[in-house]
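Note that the structure is a prediction, hence the values are computed from the model and not measured. Whatever order the structure lists ligands and atoms in, that order sets their numbers, starting from 1.
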Amino acid sequence: MTELTITGLTAGYGATRVLRGVDLTVPSGSLAAVLGPSGCGKTTLLRVVAGFLRPMAGEVKLGGRVVTSLAPERRRATVVPQEGALFPHLTVGANVGYGLPRAGRAQRVAEMLQLIGLAGFEKRKPAELSGGQQQRVALARALAPAPDLVLLDEPFSALDAGLRADLRADVRRVLRAAGTTALLVTHDQDEALSMADVVAVMRDGVVVQAGPPDDVYSRPVDLGVATFVGEAVLLPAVASGGSAASALGTIDLTAEATGSGTVLLRPEQVNPDLDGEGVIAKVLRTSFHGHDATVTLLAGETELVSRVPAPLRIAEGDNVRIRVSGRGRFYPAPMKDTRSTHDS
Ligand SMILES: Nc1ncnc2c1ncn2[C@@H]1O[C@H](COP(=O)(O)OP(=O)(O)OP(=O)(O)O)[C@@H](O)[C@H]1O
């Protein structure tokens with residue numbers, strides 16, 4: 001069990017800086033998901049931690065050991081890449097056992113296959129496995145040498161949605177069982193929120209917020225994080241004390257504030273109903289997702305999204321009343337766009 005500590009990491013390609021001072025701590029045995037838009041430097045961070053790219057400045061520590069200048073094979077860190085990671089000509093057993101000392105190899109391979117739920121698959125070739133099974137074998141191979149750290153680079157990106165959800169749960173279970181510290185790179189917020197102990201949101205080469213998933217979702221440090229992690233309803237508002245005046249009426253705030261700015265609500269806090277007492281809004285669109293539905297509403301000039309449990313009692317064109325549940329978070333920042341935003 002090993003803590004990963006990244007401090008002031010600056011790195012890039014040639015003269016171009018991609019990472020501009022990344023700080024991140026991943027407690028021993030936890031899984032951290034690095035979440036961020038395409039091009040923000042997630043893979044670059046993973047490459048520096050793995051030892052494939054030398055940083056310009058900063059430090060990487062594994063269990064108190066500074067590994068910044070160590071060769072990849074001396075870091076006790078292994079990588080699960082996106083796909084195509086297995087040697088196609090080798091059996092599953094040989095893939096998992098690759099590089100392990102001969103003594104005890106067969107037993108370790110059997111243990112690993114048991115752990116990933118593929119006991120008895122030793123003799124198969126990768127081409128005889130499904131995509132999800134192949135990624136589980138890649139995980140088994142990464143865990144086989146009992147590394148201090150496993151680095152996962154968008155390991156589910158090639159799989160379809162159903163399989164991805166199953167595999168996420170499996171990978172989480174296997175990493176917990178192995179007690180290995182892990183860093184997962186993803187641009188999929190569902191993946192980050194559902195799997196990670198720590199979600200680290202990256203933007204323009206720095207970690208702008210890191211914390212438990214619920215913390216990052218409920219208490220985003222700024223409007224950028226608020227709109228990137230989950231869907232956001234952003235309302236221009238004027239705060240005074242513990243509440244703010246907005247297009248949805250007076251909204252209770254999580255903390256006292258004064259002046260103009262933006263209130264953040266999550267779509268599940270916006271409850272449209274055919275009767276009631278709240279502000280009137282028009283239903284512009286509805287979109288059914290099975291377990292719930294999203295409803296796009298127009299309240300005055302403000303368009304916003306609501307998430308409601310199915311079955312849906314309202315339809316396009318209805319006039320509804322909006323009740324806000326819980327409190328809004330106030331950001332004393334000007335807002336460029338009055339529409340609510342969707343996940344990017
Ligand atoms: N080998 C390279 N040489 C030069 N520039 C690179 C190289 N690899 C990546 N970059 C650039 O560095 C920046 C960050 O890339 P990186 O792959 O770390 O982003 P990312 O957040 O992982 O993106 P994605 O989610 O699309 O994989 C991008 O602008 C990219 O074009």
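Within the 3.5 Å criterion, the main-chain N or O of Glu191 finds no donor-acceptor partner in the side chain of Thr186. Of the possible polar contacts, one joining the Arg105 side chain to the Leu100 backbone as a donor-acceptor pair under 3.5 Å is found. For Arg75 (side chain) and Leu70 (main-chain N/O), a donor-acceptor pair under 3.5 Å exists by modelled atom type. Remark: side-chain polar atoms of Asp292 are not paired, donor with acceptor, to backbone N or O of Arg307 under 3.5 angstrom.
Residue Gly41 has at least one N or O atom closer than 3.5 Å to an N or O atom of ligand 1. Considering backbone and side-chain atoms together, Ser38 places an N or O closer than 3.5 Å to an N or O of ligand 1. No N or O atom of His187 sits closer than 3.5 Å to an N or O atom of ligand 1.
Put simply, atom 7 (C) of ligand 1 has protein non-hydrogen atoms near it, under 4.0 Å away. By the definition of a contact as any protein heavy atom under 4.0 Å away, atom 19 (O) of ligand 1 is in contact.
Looking only at protein heavy atoms, the nearest one to atom 12 (O) of ligand 1 is Val18 CG2, 3.3 Å. Among all non-hydrogen protein atoms, the one lying nearest atom 16 (P) of ligand 1 is Thr44 OG1, 3.6 Å. What sits closest to atom 28 (C) of ligand 1 on the protein, heavy atoms only, is Gly39 O, 4.1 Å. Residue, atom and distance of the protein heavy atom nearest to atom 2 (C) of ligand 1 are Tyr13 CD2, 3.4 Å.
Enclosure of atom CD in Gln114 is not indicated, since only 12 or fewer non-hydrogen atoms of other residues, nucleotides or ligands lie within 6.0 angstrom.
Both the backbone and the side chain of Thr43 come within 4.0 Å of ligand 1, judged by heavy-atom distances.
The closest side-chain donor-acceptor pair between Thr294 and His289 falls under 3.5 angstrom.
In this structure, Arg266 forms a cation-pi arrangement with Tyr217, its terminal cationic atom sitting closer than 6.0 Å to the ring centre and no more than 45° off the ring axis. Within the cation-pi definition used here (under 6.0 Å to the ring centroid, within 45° of the axis), Arg141 qualifies as a partner of Phe87.
Short contacts between ligand 1 and Lys42, defined as distances under 4.0 Å to a heavy atom of the residue, involve ligand atoms 18 (O), 19 (O), 20 (P), 21 (O), 22 (O), 23 (O), 24 (P), 25 (O). Of all the atoms in ligand 1, the ones that sit under 4.0 Å from a non-hydrogen atom of Pro37 are 21 (O).
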